[in-house]
Amino acid sequence: MKGIITLLLFTVSMIAQATEQAEEIFKQLAPSLYQIRLIDKTSGEKSSIGSGFQITDDGLIGTNYHVISGYARHPSKYRMEYLDNLGNKGQLELKSVDVINDLALVKRETTQPMPFFAISDSVPAKGEELFSLGNPHDLGMIVVPGTYNGLKKESFNDRIHFTGSVNSGMSGGPVVNAKTEVVGINVATSGNQIGFLVPHEKLVALFNNYKIKPPENIEAQMLEQLVENQNKLISTILNSEWQLKQLGQGLIPTVDVPYIRCWGDSNADKTDALILTAVANCTLEEDTFVSSNFFTGAIEMDYRYMQGKDLSDTKFYTLYEQQIKRAGPGNKATKDDVTEFQCQHDIVTPSHQNIKNKAIFCTRAYKDFAGLYDVLYIAGSIDQNNRALVSHFTIAGVQQDTAMAFTKKFMESVTWK
Amino acid sequence: MEIIIEEISRGHKLIGRHKFLKDSVAIGRGYHNDIIVSDPHVCADHLNINFNGEYWTVSDANTINGSFIEDSKDLLNEHRVESGDIITLGKSQIRILFPNHPVEESVTFSPFENLIDIARNPATIVFSVLLFAISTGYLFYLNNPKDVTFTQLFVPAIKMTLIFGLWPAGIALVSLLTKHDTRFLSQLGICFVFFNLMWVNDILERFVQFNVSSQWPFVWLIALIPIALSFCMFWFNCIIGFHTTKKRRIAICIGLTALLFGGSALIKISKKPEFNPYPRYNATLMTPDFHVTSSSSVEEFVKDSDKLFKKVSKKAKED
């Protein structure tokens with residue numbers, strides 16, 4: 001009993017200590033912490049809010065790209081404002097973005113040197129206590145304590161896994177260690193107590209590039225980043241080992257990289273189904289936010305094996321056709337972002353493979369980012385009477401050469417066992 | 001002298017025809033007349049037609065509503081009649097003809113009459129209607145992802161056949177209403193022959209779409225076949241149901257075909273969203289036996305895609 005009481009007392013004091021520490025941190029850093037808001041010029045009301053933090057004494061502020069994406073995409077529609085801890089408002093200017101890592105640099109006017117956040121030069125230790133600062137739900141600045149859990153394993157672009165309640169309005173806020181140095185930037189949440197942060201090195205890189213040469217045109221800068229990221233991703237995938245896995249009687253390629261994860265399912269338990277179906281789906285579990293209705297950078301590969309049970313070939317093929325009729329893009333985009341798809345189809349037999357496919361390939365072009373395309377491919381085997389293998393992929397935001405190199409490798413990999 | 005008087009409707013359709021072998025004919029609502037017209041706007045003694053030894057004249061009998069040469073406003077008085085004159089009395093019309101009035105040339109039997117005779121043969125009708133019903137049922141069977149019983153197929157097949165049977169029935173009804181021969185069986189036979197040809201065309205279309213690549217430039221030709229088939233069906237419908245001139249028949253058929261295909265195209269266009277985020281492609285699949293063309297290599301397929309990229313890039317620049 002005595003032991004339990006001691007333990008309880010110990011825990012209480014730990015919590016009290018943490019709260020005290022948090023309060024201290026908040027007081028010290030509050031003047032350098034801002035609420036960033038986009039104001040719709042026509043209605044005069046704010047259309048989105050997020051957090052930001054000052055990183056130089058002359059008013060440069062770091063935040064998330066997605067907080068200010070409305071302004072970056074439609075500068076004439078919005079204006080950007082900051083709100084400091086004393087309730088002062090002022091205009092902001094967009095200086096630079098990193099659309100891949102969801103970062104942006106904005107700048108306020110300053111009359112004299114101001115306090116700012118120091119950026120850490122080391123990576124936190126696993127389990128280290130961190131404090132996330134921000135402005136969730138427009139309630140005013142708050143501090144959320146949490147723990148550093150290392151980098152998320154399955155992501156192509158590094159994200160810190162943070163155990164703590166990162167809410168949507170805290171986006172763009174800094175995460176600091178006990179020494180009040182910034183180690184990450186709030187970016188996303190994945191439900192209870194799981195948050196994701198952009199590592200501080202990404203902000204340092206963006207800042208250094210900005211110091212060397214500020215971008216002349218934000219759209220051109222974004223295009224360059226999207227192209228570079230997608231080229232890096234696809235070339236890594238093309239150079240990784242493609243393992244052939246068995247799906248029914250078919251062989252399908254899966255890429256051996258941690259950030260592309262595969263899931264499977266089948267209807268083997270449904271005895272009354274006319275067609276036995278097994279599906280495998282591999283996706284890149286991250287995409288790039290461009291605007292609230294436009295995402296890019298997604299990759300998915302989808303396979304389906306079908307085998308008819310006591311039904312005529314004609315009926316099997318009729319039902320099978322319905323399965324490949326309605327393929328859709330893997331990313332969200334609107335009329336302002338992309339053209340409509342254009343498609344081609346043909347019957348293709350890859351050399352060295354014993355499969356004959358009806359192959360369909362579609363593409364659409366980005367309107368603001370010339371040279372980038374969304375591509376979609378779907379093929380169904382047409383050489384077996386009551387068996388079929390469907391192979392399908394989509395890639396968002398890719399250049400033609402890269403897309404076709406991937407298509408070629410993909411088409412040559414799918415085959416019968 | 002001999003004279004022929006036709007009672008005609010406002011649309012110049014024949015209602016009754018009378019031939020007289022005397023020099024004077026009286027027309028009116030009264031029962032003493034040679035031609036009794038029951039139109040209330042016609043007077044008891046309305047019109048007299050007389051032969052004066054040289055020619056026929058027509059005189060109005062000072063009636064309330066008068067008598068006129070078709071659309072003219074001049075009251076008839078001792079008017080010299082020409083063969084073919086149409087006279088309006090009250091709200092009725094008559095046409096006066098002399099025995100030597102020229103007639104149109106005899107119409108030869110349409111060379112298609114033989115075909116129509118085959119189509120209207122009860123055995124042919126039973127065969128084509130059955131074939132249509134079975135095809136419809138089979139299609140329901142193919143597209144149903146679950147096991148289906150015969151009754152489940154029977155009902156939609158019958159329903160579909162009855163719906164398609166409405167067209168020949170409708171045409172026959174219009175023939176009846178326009179005082180032509182009804183010839184329902186001929187219409188039914190011909191229509192179902194064409195409906196079955198449409199099924200055949202469907203298979204042909206799928207076969208072509210399955211075999212040729214999207215690079216093949218003549219795919220649109222396939223789309224013309226159903227248009228041609230419909231035109232031919234309407235043409236037969238007209239031949240069977242109505243006596244019209246060739247020009248008029250062709251105009252009617254073009255109109256109906258345009259209405260059918262133009263109308264469905266219009267509906268499609270009106271339903272088309274401003275921006276379609278989904279790709280539209282041809283995914284026709286048939287069993288391996290139907291593949292007869294050679295297949296392309298991956299390299300060729302990849303090379304072909306160049307055109308698509310060029311096309312969408314151009315579109316993106318235009319917008």
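Model, not experiment: these values are computed from the prediction. All chains are named by letter (A, B, ...) in the order of the sequence lines, taking the proteins before the strands, and each is independently numbered beginning at 1.
For the pair A:Q400 (side chain) and B:S305 (backbone), a donor-acceptor distance under 3.5 Å is absent. In this structure, A:K315 contributes its side chain and B:Y141 its backbone to a donor-acceptor pair below 3.5 Å. At distances below 3.5 Å, at least one donor-acceptor pair connects side-chain atoms of B:S214 with backbone N or O atoms of A:H345. Here the side chain of B:Y281 pairs a donor or acceptor atom with the backbone of A:A327 at under 3.5 angstrom. Panel note: side chain A:E321, backbone B:L285; a donor-acceptor pair is recorded below 3.5 Å. No side-chain donor-acceptor contact under 3.5 Å links A:Y366 to the backbone of B:S313. A:E340 places a side-chain N or O within donor-acceptor distance of the main-chain N or O of B:N276, the cut-off being under 3.5 Å.
Counting all heavy atoms, side chain and backbone alike, B:L308 lies closest to A:C343 at CD2-O, 3.7 Å. Minimum interatomic distance between B:Y278 and A:P329 (heavy atoms only, all atoms of both residues): CD2-CD, 4.0 Å.
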Run the side-chain contact (heavy atoms from CB on, under 4.5 Å) check on B:K315 and A:Q342 step by step: do they pass? CA-CA 10 Å; B:K315 271 235 176 75; A:Q342 289 288 334; 3.3 Å; yes
The test is ring pair (Phe, Tyr, Trp, His ring centres under 6.0 Å); show your working for B:F309 and A:Y373 and say whether it passes. CA-CA 8 Å; B:F309 283 101; A:Y373 305 88; 4.8 Å; yes
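For the atom pair CG (B:L142) and CG (A:L319), the distance works out to 8.0 Å, reported to the nearest 0.5 Å. Here the OH atom belonging to A:Y320 is positioned 12.0 Å from the OG1 atom belonging to B:T287, to the nearest 0.5 angstrom. A distance of 9.0 Å separates OG1 in A:T318 from CE in B:M286, rounded to the nearest 0.5 Å. Residue B:N282 holds its CG atom at 13.0 Å from CD of A:Q344, rounded to the nearest 0.5 Å. The CZ atom of B:R280 lies 10.0 Å from the SG atom of A:C362; values are rounded to the nearest 0.5 Å. From B:H291, atom NE2 reaches atom CD1 of A:I347 across 3.5 Å, with rounding to the nearest 0.5 Å.
Enclosure of atom CZ in B:F242 by more than 12 non-hydrogen atoms of other residues, nucleotides or ligands within 6.0 angstrom is indicated. Atom CD of A:Q249 is surrounded by more than 12 heavy atoms from other residues, nucleotides or ligands within 6.0 Å. In this structure, A:K409 places its NZ atom where more than 12 heavy-atom neighbours from other residues, nucleotides or ligands lie under 6.0 Å away. Counting heavy-atom neighbours within 6.0 Å of B:F261 CZ, excluding the residue itself, gives a total above 12. Other residues, nucleotides and ligands place no more than 12 heavy atoms under 6.0 Å from the CD atom of A:E228. Other residues, nucleotides and ligands contribute over 12 non-hydrogen atoms within 6.0 Å of the CG atom of A:N354. More than 12 heavy atoms of other shown residues, nucleotides or ligands fall within 6.0 angstrom of atom CE in B:M198. The environment of NZ in B:K303 is sparse: at most 12 heavy-atom neighbours from other residues, nucleotides or ligands sit within 6.0 Å.
Classified by interplanar angle (parallel below 30°, tilted 30° to 60°, perpendicular above 60°), the ring pair A:F361/B:F301 is perpendicular.
Within the 4.5 Å cutoff, the side chain of B:Y138 has heavy atoms near those of the A:T314 side chain. Proximity of B:V298 to A:P350: side-chain heavy atoms (C-beta onward) are separated by under 4.5 Å at one or more points. Between B:S296 and A:D346, some side-chain heavy-atom pair lies under the 4.5 Å cut-off.
B:Q209 touches chain A through its backbone: at least one of N, CA, C or O sits under 4.5 Å from a heavy atom, while the side chain does not. Within the 4.5 angstrom heavy-atom criterion, only backbone atoms of B:K146 (N, CA, C, O) approach chain A. Of the two parts of A:V338, the backbone and the side chain both hold a non-hydrogen atom closer than 4.5 Å to a non-hydrogen atom of chain B. Residue A:L376 touches chain B through its side chain alone, counting heavy-atom pairs closer than 4.5 Å. For a residue to count as touching a neighbouring chain, one of its non-hydrogen atoms must lie under 4.5 Å from one of that chain's; by this rule A:D313 touches chain B with backbone and side chain alike. When heavy atoms are compared at a cutoff of 4.5 Å, A:I275 does not approach chain B at all. Of the two parts of A:A333, only the backbone, made up of N, CA, C and O, holds a non-hydrogen atom closer than 4.5 Å to a non-hydrogen atom of chain B. No part of A:F369 comes within reach of chain B, as not one of its non-hydrogen atoms sits under 4.5 angstrom from that chain. When heavy atoms are compared at a cutoff of 4.5 Å, A:T334 approaches chain B solely by way of its backbone atoms N, CA, C and O. Contacts of A:K356 with chain B are made by side-chain atoms alone, with heavy-atom separations under 4.5 Å and no backbone atom involved. Only the side chain of A:Q322 comes within contact range of chain B, with at least one heavy atom under 4.5 Å from a heavy atom of that chain.
With chain A as the partner, the residue from B:A316, B:S294, B:A283 showing the most heavy-atom pairs under 4.5 Å is B:A283. When the candidates A:T407, A:I382, A:N385 are compared by the number of heavy-atom contacts under 4.5 Å with chain B, A:I382 comes out ahead. Across A:R326, A:E412, A:K332, the residue that shares the most heavy-atom pairs under 4.5 angstrom with chain B is A:E412. For the set B:D147, B:T284, B:T293, the count of heavy-atom pairs under 4.5 angstrom toward chain A peaks at B:T284.
Geometrically, A:K358 does not engage B:F210 in a cation-pi contact defined by less than 6.0 Å to the ring centre and at most 45° from the axis.
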